Amino acid sequence: MRTVHFGLSSTFSIIPSAPFNFDGTFHKPSHCPAPLEAWERGKYWQALRVGEKIYGLRIVNRGSRAKPRLGVSVFGRGKIGKKERDAIARELEWRFDLASDLREFDRLARRDGGLRPVFRRWRGTRDSSALGLYELLVVSILLQNATVRRTVQMMNALLERFGTRVSFDSKTLFAMWLPAAIHDVGEDELRKLRIGYRARFLKRVSDDFSRGVIDERSLRTLDENMARRELMKLYGVGPETARILLYPACHRATLLTHIAPWQQKIYSRLFYARRRVPARKIQGDLNRRYGRFATLAVNYVWEDLFWRREREPIPWLEREIRL
DNA sequence: CATCAGGGCCCTG
DNA sequence: CAGGGCCCTGAT
């Protein structure tokens, strides 16, 4: 594993569409904790790959919900040109959905009696993904049949072996490897990192990405059903992993199509204040209530719960998620 | 100590 | 379409 040290290369601003919620957009407490990003109130850091190149990024909130503005500092080796800067800005706009139009969802959320406080608290929050498609796919594969603790172990083992440690602005974060880096590594060598049968998935998927079998760019233009179908063609991607990848892949909210048993238990508490409601009923009810924004609505309520968990222990939740 | 299920997927029959 | 197998870990 190599370490790179970056200095300040460039700064610029991005104006997201209003309303915008900085912390809700840049910090997702329900996500699997990995040393790929860092957050504190109003500030966010990550190592970002654009093509082959790695940059260190610091993003600072310099606006408000109604008049949003982001201060972006790019860390790298030497100066960067306007073209490079624009490419970074465009990638950030995509990943964090900075230009998204949330007006219709806002109207819908305001009509929701019981959950209005939640929607109001997070108003302007984007569903977003700090990671690129391949990177997120790696995380999703490691989540399969594993607790979060174990996923983190596997992730760290892989990052130590294949990742790049990026040191900038007094932070040290990892950038993930490129798919091609796994190409020449044997499956048994991956297994030594204790990722088990997932080694086969990781290898096949890395090969597919490095050979360009899947095109992240064109996936971004597809509607949700086409995108889901494309994702499920990938080896190791079934209904649950496709659900996780769908938003990052094409940035469309959609109807709920799949509720896993552990999610069912949590949704039962959140939406019905009961222990266990049949998954089919939950899916039907939420789809009727929020229509094509169902996944986004669930996302707000879900993240709100995990924000609460960061402040105070939630015993019933701890039992369900077994960290 | 041993056994087993787990935030899923692929493959086989 | 149902069900076995896959790795490893932690719970029992």
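Residue numbers begin at 1 in each chain, while the letters A, B, ... track the order of the sequences. Model, not experiment: these values are computed from the prediction.
For the side chain to side chain donor-acceptor pair (under 3.5 Å) test, residues two or more places apart in sequence or in another chain that qualify with A/Tyr235 are A/Arg200. A/Asp304 is linked by a side chain to side chain donor-acceptor pair (under 3.5 Å) to A/Arg121, A/Trp122, counting only residues two or more places apart in sequence or in another chain. Checked against side chain to side chain donor-acceptor pair (under 3.5 Å), A/Arg191 has the following partners two or more places apart in sequence or in another chain: A/Glu187. The side chain to side chain donor-acceptor pair (under 3.5 Å) test applied to A/Lys53 returns A/Glu84, not counting sequence neighbours. Shown here are the side-chain contact (heavy atoms from CB on, under 4.5 Å) partners of A/Tyr247, two or more places apart in sequence or in another chain: A/Asp97, A/Asp127, A/His251. In this structure A/Ser17 satisfies the side-chain contact (heavy atoms from CB on, under 4.5 Å) test together with A/Arg126, sequence neighbours excluded. Remark: A/Ala18 engages A/Pro68 in a side-chain contact (heavy atoms from CB on, under 4.5 Å) (not counting sequence neighbours).
As a whole-Å value, the separation of A/Met232 CE from B/dG8 P is 14 Å. The distance from atom CD1 of A/Ile244 to atom C1' of B/dG8 is 10 Å, rounded to the nearest whole Å. Summarising the geometry, the separation between CD on A/Gln263 and C1' on B/dG8 is reported as 12 Å, rounded to the nearest angstrom.
Among residues at least two apart or in separate chains, salt bridge (charged side-chain N to carboxylate O under 4.0 Å, His left out) pairs with a member in residues 291-303 of chain A are A/Glu104-A/Arg292. Sorted by first and then second residue, the salt bridge (charged side-chain N to carboxylate O under 4.0 Å, His left out) pairs involving residues 169-182 of chain A (not counting sequence neighbours) are A/Arg58-A/Asp169.
Between A/Phe162 and A/Phe174, the gap from one ring centroid to the other reaches at least 6.0 Å.
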Which pairs, protein N/O on one side and nucleotides 2-4 of chain C N/O on the other, fall under 3.5 Å?
none

Can you pull every protein N or O that's under 3.5 Å from an N or O on nucleotides 7-9 of chain C?
unit_1	atom_1	unit_2	atom_2	d
C/dC7	OP1	A/Arg191	NH1	2.5
C/dC7	OP1	A/Arg191	NH2	2.2
C/dC7	O5'	A/Arg191	NH1	2.4
C/dC7	O4'	A/Tyr197	N	3.3
C/dC7	O2	A/Arg150	NH2	3.4
C/dC8	O4'	A/Arg150	NH2	3.1

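Between A/Tyr235 and B/dG8 there is no side-chain N or O to OP1 or OP2 distance below 4.0 Å.
Looking at which nucleotide of DNA chain B each of A/Leu234 and A/Ser30 is closest to, the 5′-most match is held by A/Ser30.
Nucleotides B/dC10 and C/dT9, compared at atom C1', are 23 Å apart to the nearest Å.
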Check: For DNA chain C, what string of dots and brackets results from 5' to 3' when Watson-Crick and G-U pairs need both distances under 3.5 Å, crossing pairs get [ ], and pairs with another strand get |?
Finding: ||||||.|||||
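Using a 30° and 60° split on the angle between ring planes, A/Phe293 and A/Phe105 fall in the tilted class, from 30° to 60°.
Residue contacts for A/Thr241: at a heavy-atom cut-off of 4.0 Å it reaches the sugar-phosphate backbone alone, with no base atom in range.
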